[in-house]
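One structure is given below, encoded as structure tokens.
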Amino acid sequence: MEYILYTFESTTDAMLAEMTVTNEKIRARLVPLLPEIDAGCGLALRFEKDFDKEVKEIFSKNSLSFQKRYRLIYGENERKPKVLEYDLL
């Protein structure tokens, strides 16, 4: 399973992003940052990679800001994901 994770500089930015994305019928939620990621406010927006294009469009259309993007890749029967900086791919 793959997820995309957006980090934010403030809790307000994170909450606004979650509300905006979920209002567009995208299944997303705020989660605490993983220990491997040291960024911003400590919250991140997580959603399935299948919705990546739609979420990018929502962020652009609504002028939402984020700090960084990451890809989380979960192997079969693994609890801890492989974390990759998304913008470096």
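Rounding to the nearest 0.5 angstrom, the gap separating the CE atom in Met1 from the CD atom in Glu76 is 13.0 Å. From Arg29, atom CZ reaches atom CD of Glu18 across 10.0 Å, with rounding to the nearest 0.5 Å. Taken from NZ in Lys56 to CD1 in Ile58, the straight-line distance is 13.0 Å, to the nearest 0.5 Å. One distance of note links CD of Glu2 with CG of Asp52; it measures 10.0 Å at 0.5 Å rounding. Atom OH of residue Tyr3 and atom CG of residue Asp50 lie 10.5 Å apart, to the nearest 0.5 angstrom.
For Phe51 against Ile26, the heavy-atom pair with the smallest separation is CD2-CD1, 3.7 Å. The nearest pair of heavy atoms linking Ile4 to Arg71 is CD1-CG, 3.6 Å. When all heavy atoms of Leu34 and Pro81 are compared, the closest pair comes out as CD1-CG, 3.9 Å. Smallest separation of non-hydrogen atoms from Thr22 and Ala28: CG2-O, 3.6 Å. Of all the heavy atoms in Leu84 and Ile73, the pair that sits closest is CD1-CD1, 3.7 Å. Taking each heavy atom of Ser65 and Phe59 in turn, the nearest pair found is O-CE2, 4.1 Å.
Leu16 and Phe8 fall within a single hydrophobic cluster, where Ile, Leu, Val, Met, Phe, Trp and Tyr side chains are chained together by heavy-atom contacts under 4.5 Å. Leu45 is not connected to Ile37 by any chain of hydrophobic side-chain contacts under 4.5 Å among Ile, Leu, Val, Met, Phe, Trp and Tyr, and they are in different clusters. Val31 and Phe66 end up in different hydrophobic clusters when Ile, Leu, Val, Met, Phe, Trp and Tyr side chains are linked at under 4.5 Å. Both Val55 and Leu30 are members of a single hydrophobic cluster when ILVMFWY side chains are connected at heavy-atom separations under 4.5 Å.
With ring centers used as reference points, Tyr6 lies 6.0 Å or more from Tyr86.
Between Leu33 and Leu43 the shortest side-chain heavy-atom distance does not fall below 4.5 Å. The shortest distance between side-chain heavy atoms of Met19 and Met15 does not fall below 4.5 Å. Looking only at side-chain heavy atoms (C-beta outward), Val21 and Phe47 stay at 4.5 Å or farther from each other.
The number of heavy-atom neighbours closer than 6.0 Å to CD of Glu48, taken from other residues, nucleotides and ligands shown, is above 12. Around NZ of Lys82, the count of heavy atoms belonging to other residues, nucleotides or ligands within 6.0 Å does not exceed 12.
Note on Glu54 versus Lys25: no salt bridge recorded, every NZ/NE/NH1/NH2 to OD/OE distance being 4.0 Å or above.
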